[in-house]
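In what follows, a structure is listed as structure tokens, so that the remarks can point back to it.
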Amino acid sequence: MYQLKRPWIWIALLGRMALNGVRETGTLALFALSGFINVFYPPFYWRIFLGSLLDIGYLSLPVVALTALFSGGVIALQSYTGMSQYHVNSAIANIVVLAVTRELGPVLAGLMVAGRVGAAMAAEIGTMQVTNQIDALKTLSTNPIKYLVTPRLLAATLALPFLVLIADILGVLGGFTVSVIKLGFSPQGYIAATMNAVKPIDVTIGLVKAAVFGFLIALMGCYHGYRSRGGAQGVGAATTSAVVAASILLLVFDYLLTDIFFAK
């Protein structure tokens, strides 16, 4: 009898997992839609928005700048190792600028911001949730989504392209510095090759990616923080979930956007 029931148990388990996944996706979609739509309805909480913009944009700049600078240098070194075998060292400048503007600038900046800002958002909103501060907002006739989520979504969407633009410049600078000082390239030749390789469309698409990544990072931080339960342990779990979910979604959407813009 147990052997007969066993397949049905697995089918029921898979069905329950599928239903839970659909329910979670729908809840997240409604949460994101609510946070986005509230941008267009007053009041708008400028103090929360400007504080989030400062935290996400300005205070994240050092870690993003260092990451981009050394990543550009690493790309130059690795490219030289491969290209020197085929005597096409002149392509290194092209590789660095394309890799940084199209992929590494948006992705690395997004991952750094997800680890720093996404976790902070989840912890802050999660703490408010478990200490009933969000319920207090409701009793004061304040929409908690509009007050806590909407300004952060908008701030992250606007701040990350700025960070990625800085990352692009510093990533190319890192590649230039390594190529000139360590690999013996001519500064004028490297700059000329970089200017010939860089295209406005590559930078623009990188900034579009950055805006999408910023929205996803803030969404995951706010969503998991808003749904946290169970005291300090729940806040910790929400923080971890926010960073992991944001990082995974960032890589998934990076592939999707790359496929949309660059696939032929």
Side-chain angles (χ1 to χ4, degrees), residues 55-119 156 159-214 217 243 246-248 250-255 257-259 261-264:
D55 184 39
I56 298 168
Y58 181 73
L59 297 181
S60 297
L61 189 56
V63 65
V64 171
L66 285 174
T67 302
L69 186 65
F70 285 102
S71 296
V74 169
I75 295 171
L77 284 176
Q78 294 285 16
S79 300
Y80 181 80
T81 302
M83 295 299 176
S84 61
Q85 301 177 14
Y86 304 99
H87 307 288
V88 284
N89 295 341
S90 58
I92 291 177
N94 301 32
I95 294 173
V96 170
V97 71
L98 288 178
V100 169
T101 56
R102 287 186 177 186
E103 292 298 325
L104 288 182
V107 171
L108 291 178
L111 290 175
M112 293 299 104
V113 173
R116 181 185 173 276
V117 176
L160 206 62
F162 163 76
L163 288 174
V164 168
L165 186 61
I166 300 299
D168 290 346
I169 296 171
L170 292 177
V172 173
L173 179 62
F176 169 80
T177 303
V178 170
S179 298
V180 171
I181 295 177
K182 186 174 180 61
L183 304 179
F185 280 66
S186 165
Q188 294 80 8
Y190 190 94
I191 293 173
T194 299
M195 297 303 296
N196 290 331
V198 67
K199 297 178 181 178
I201 187 64
D202 293 330
V203 178
T204 302
I205 291 174
L207 298 181
V208 171
K209 285 185 177 183
V212 174
F213 295 166
I217 292 166
V243 175
S247 301
I248 293 174
L250 191 149
L251 295 175
V252 170
F253 273 81
D254 178 55
Y255 170 80
L257 292 172
T258 301
D259 186 59
F261 288 124
F262 295 111
K264 296 182 181 180

Apply the side-chain contact (heavy atoms from CB on, under 4.5 Å) test between Lys209 and each candidate in Leu250, Val107, Thr258, Val164; give the one that qualifies. Thr258
Atom of Gly110, atom of Leu160 and distance for their closest heavy-atom approach: CA-CD2, 4.3 Å
Quick one: which residue pairs count as a salt bridge (charged side-chain N to carboxylate O under 4.0 Å, His left out) with a foot in residues 168-181, not counting sequence neighbours? none
Nearest heavy-atom pair of Ser179 and Ala76: which atoms, and what distance? OG-CB, 3.7 Å
Nearest atoms (heavy-atom pairs only) where Pro106 meets Thr101: CD-O, 3.9 Å
Quick one, Val64 and Ile166 - any side-chain contact, counting heavy atoms below 4.5 Å? no
Results of ring-ring contact (aromatic ring centres under 6.0 Å, His included) for Tyr190 - residues two or more places apart only: Phe176
Holding to side-chain contact (heavy atoms from CB on, under 4.5 Å), I want the full list of residues that pass it with Asn94, two or more places apart in sequence or in another chain. Ala193, Ala197
Rounded to the nearest 0.5 Å, how far does CG of Leu111 lie from CD1 of Ile217? 7.5 Å
Does Val178 reach the side chain of Tyr80, with side-chain heavy atoms less than 4.5 Å apart? no
Rounded distance (nearest 0.5 Å) linking atom CG of Leu170 with atom CG of Leu66: 9.0 Å
Applying side chain to side chain donor-acceptor pair (under 3.5 Å) to Ser71 and not counting sequence neighbours gives none
Going by the rule side chain to side chain donor-acceptor pair (under 3.5 Å), which residues pair with Thr177 if we only count those two or more places apart in sequence or in a different chain? none
Taking the side chain as everything from C-beta on, heavy atoms only, tell me whether Val208 gets closer than 4.5 Å to Phe261. yes
In Å, rounded to the nearest 0.5 Å, how long is the span from CG of Leu98 to CG of Leu104? 11.0 Å
Which atoms form the tightest heavy-atom contact between Ala114 and Val243, and what is the distance? O-CG2, 3.8 Å
List the atom of Val180, the atom of Pro187, and the distance in Å for their closest heavy-atom pair. CG1-CG, 3.8 Å
As an exercise, state the distance from CZ of Arg102 to CG of Asp254, rounded to the nearest 0.5 Å. 12.0 Å
What do the steps show when you test Arg116 against Asp55 for side chain to side chain contact (heavy atoms under 4.5 Å, CB included), and what is the final call? CA-CA 10 Å; Arg116 181 185 173 276; Asp55 184 39; 3.0 Å; yes
List the residues meeting side chain to side chain donor-acceptor pair (under 3.5 Å) with Gln78, not counting sequence neighbours, and say none if there are none. none
Output for pair (Ile56 CD1, Leu61 CG), nearest 0.5 Å, gives 13.5 Å
Rounded at 0.5 Å granularity, tell me how far CG in Leu108 sits from OG1 in Thr67. 6.5 Å
Minimum-distance pair of heavy atoms, taken over all atoms of Gly115 and Ala119: O-CB, 3.5 Å
